[in-house]
2 protein chains.
Amino acid sequence: MDTKARMAKVGRAGANSAGAPLYRQAKRELQRLIECGHYGPGATLPSETGLARALGVSIGTLRRAVDELVHEHLLVRRQGRGTYVTSHTAERFLFQFFHVELRPDAPLDAPGEREYPQVTLVDFTRGKADEMEAAALDRPAGDAVFRIDNRLSLAGRAVVHDRITVAAALFKNLTEQHLRARPGTLYSLYQSEFGITVLRARERVRAIAADTDAARILGLPRGQPVLQVHRIALSFGDKPVEYRVSTVHTAMHDYVSLLPQGR
Amino acid sequence: MDTKARMAKVGRAGANSAGAPLYRQAKRELQRLIECGHYGPGATLPSETGLARALGVSIGTLRRAVDELVHEHLLVRRQGRGTYVTSHTAERFLFQFFHVELRPDAPLDAPGEREYPQVTLVDFTRGKADEMEAAALDRPAGDAVFRIDNRLSLAGRAVVHDRITVAAALFKNLTEQHLRARPGTLYSLYQSEFGITVLRARERVRAIAADTDAARILGLPRGQPVLQVHRIALSFGDKPVEYRVSTVHTAMHDYVSLLPQGR
DNA sequence: CCCAATTTGTTCGTATGTATA
DNA sequence: TTATACATACGAACAAATTGG
């Protein structure tokens with residue numbers, strides 16, 4: 001085979017061309033190959049020895065580059081099998097992007113920790129970005145956007161209302177059918193149908209009184225305190241690709257801040 | 001010197017005695033030395049070559065052990081200087097344990113990102129642990145506890161009310177003077193006066209209507225939606241050492257979920 | 001200002017263990 | 001069983017930052 005095709009050798013060590021350490025150059029090169037689709041979601045990378053040879057670095061340096069990409073959830077390693085490009089599974093959504101959990105003191109039977117929510121599409125429209133949306137998506141105000149309204153249920157109760165905004169320019173011809181027919185998570189749809197990879201997200205949380213829409217969708221009295229989560233999902237180069245405002249009914253559930261590390 | 005005194009050599013590689021990899025055994029040994037106070041907060045560790053020799057492992061293995069402890073914020077490395085045991089500075093509090101930030105759309109002058117809050121002691125009492133506190137602190141209900149009520153202000157506004165509960169058994173003879181006289185953060189007081197090291201924290205967030213106390217302390221109408229953050233601070237071995245319920249007025253501020261990585 | 005000593009950071013290479021197909 | 005891939009462990013050499021003379 002020709003696994004080393006189109007693979008740019010990174011700079012040498014002695015005269016450190018780019019200023020950055022060699023393992024970071026190798027990392028960026030790998031990142032570039034994934035971003036440009038040379039290794040798509042779910043793809044198997046060449047072996048470490050092969051990659052190291054192709055990139056012109058030692059195995060130790062290559063491993064360090066891969067280490068960082070694994071920490072950033074862009075790659076996964078499996079001993080004896082190989083190294084793979086991460087794809088957006090339900091698992092990943094649950095642990096990296098879904099932060100609502102049953103309250104530990106809830107008067108219910110304990111349903112074994114994390115639960116994948118049942119998602120219902122409530123509304124799908126096309127419109128023009130308001131100030132907030134435009135700023136979040138780094139686009140001019142008035143830019144064409146799609147808005148997706150989802151209701152998320154846990155254990156049969158409506159718990160979260162998501163108002164999702166994406167730029168129409170990035171999601172050409174997104175239709176309601178896409179959303180209804182998709183087999184996996186929304187982010188896996190972004191990836192498979194539009195070539196957009198969500199890597200991480202920033203979230204800010206505040207408390208507000210439920211407005212009429214939220215109250216109706218979540219089935220609670222208007223004015224009730226609810227959580228409002230503002231999320232900006234980022235792709236390669238920290239490019240914003242989704243703005244999401246979630247309204248969370250926290251009578252039986254919590255927003256759980258992911259705890260640092262856990263060795 | 002005798003830096004290698006009282007330092008137990010970890011098992012050999014060939015016959016992997018403990019089942020765990022050698023670098024983890026080395027890590028645990030280092031962790032133990034820090035926990036037992038052999039290297040206190042702020043202490044300088046021996047050089048990597050020295051530590052490696054003392055522990056009977058190679059420099060690469062030692063570095064890997066230290067790497068993990070650095071990721072867990074237990075150690076910090078400074079090139080050319082040495083490796084140090086982390087101590088609880090205001091900096092660390094701000095970035096690892098304080099998650100309230102000015103809203104980006106706030107109608108104010110931008111005060112350069114993160115701001116250290118002005119803390120005012122509102123109340124200090126001794127009492128018996130209720131159900132929640134006992135469960136959180138892993139103690140029998142009715143156990144003696146101290147309760148600390150703090151008001152935190154940002155830019156001159158009262159934004160957070162903290163109700164902190166700690167076991168009296170762990171904080172013997174904690175007095176109001178301790179709290180009023182302390183020069184640094186609360187966690188640095190735990191560390192210097194009581195030998196208790198907070199390593200990480202789990203937080204759960206929900207929305208509630210402000211009760212009378214919170215309304216008074218935060219200067220807002222009763223019934224107003226506010227954030228309620230439940231935090232359990234953990235020490236070595238994930239032992240809970242503090243239970244804290246924070247009430248956050250999010251009219252001008254957000255609870256910011258720490259974003260994963262950031263290379 | 002420069003030099004030398006010390007310490008961490010980077011890079012290389014090799015050997016061996018462990019998991020998977 | 002064999003081959004392949006990642007995981008662990010070792011150690012050498014040099015680069016870069018810091019400190020003190």
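Naming: A, B, ... by sequence-line order, numbering from 1 per chain.
Remark: R64(B) is not in phosphate contact with dA9(D), judged by side-chain N or O atoms under 4.0 Å from OP1 or OP2. Here R78(A) does not reach the OP1 or OP2 of dA5(D): none of its side-chain N or O atoms lies under 4.0 Å away. For R63(B) and dT8(C), the shortest distance from a side-chain N or O to OP1 or OP2 is not below 4.0 Å. Between dT7(C) and T49(B), no contact under 4.0 Å exists linking OP1 or OP2 to a side-chain N or O. Residue T61(B) places no side-chain N or O under 4.0 Å from the OP1 or OP2 atom of dT8(D).
Closest approach to the P21(B) side chain among dT8(C), dT8(D), dT10(C) is made by dT8(D) (side chain taken as heavy atoms from C-beta onward).
The separation between Q79(B) atom CD and dT10(C) atom C1' is 9 Å, rounded to whole Å. As a whole-Å value, the separation of R24(A) CZ from dA16(D) P is 16 Å. If you take CZ of R81(B) and P of dA17(D), they are 14 Å apart, rounded to a whole angstrom. Computed from coordinates, the L51(B) CG to dT6(C) P distance equals 17 Å when rounded to whole Å. If you take OH of Y84(A) and P of dT4(D), they are 16 Å apart, rounded to a whole angstrom. Distance CD1 (I59(B)) to C1' (dA9(D)): 13 Å, rounded to an integer number of Å. Across the protein-nucleic acid pair, L62(A) atom CG and dT10(C) atom P stand 16 Å apart, rounded to whole Å. Spacing between atom CG of L22(A) and atom C1' of dC12(C) amounts to 10 Å, rounded to whole angstrom units.
For the pair R114(B) and F98(B), the NZ or CZ position fails the cation-pi test of under 6.0 Å to the six-membered ring centre and within 45 degrees of the ring normal.
In this structure, F97(B) has its ring center no closer than 6.0 Å to that of H73(B).
Not a single donor-acceptor contact under 3.5 angstrom links the side-chain atoms of E48(B) to the base of dT8(C).
Here the closest non-hydrogen pair linking A167(B) and L137(B) is N-CD1, 3.9 Å.
Across F95(A), Y187(A), Y190(A), a single residue satisfies ring pair (Phe, Tyr, Trp, His ring centres under 6.0 Å) together with H88(A), and that is Y187(A). Screening D162(B), V248(B), T120(B) for a side-chain contact (heavy atoms from CB on, under 4.5 Å) involving L152(B) leaves a single residue, D162(B).
Here G82(B) lies in heavy-atom contact (under 4.0 Å) with sugar-phosphate atoms only.
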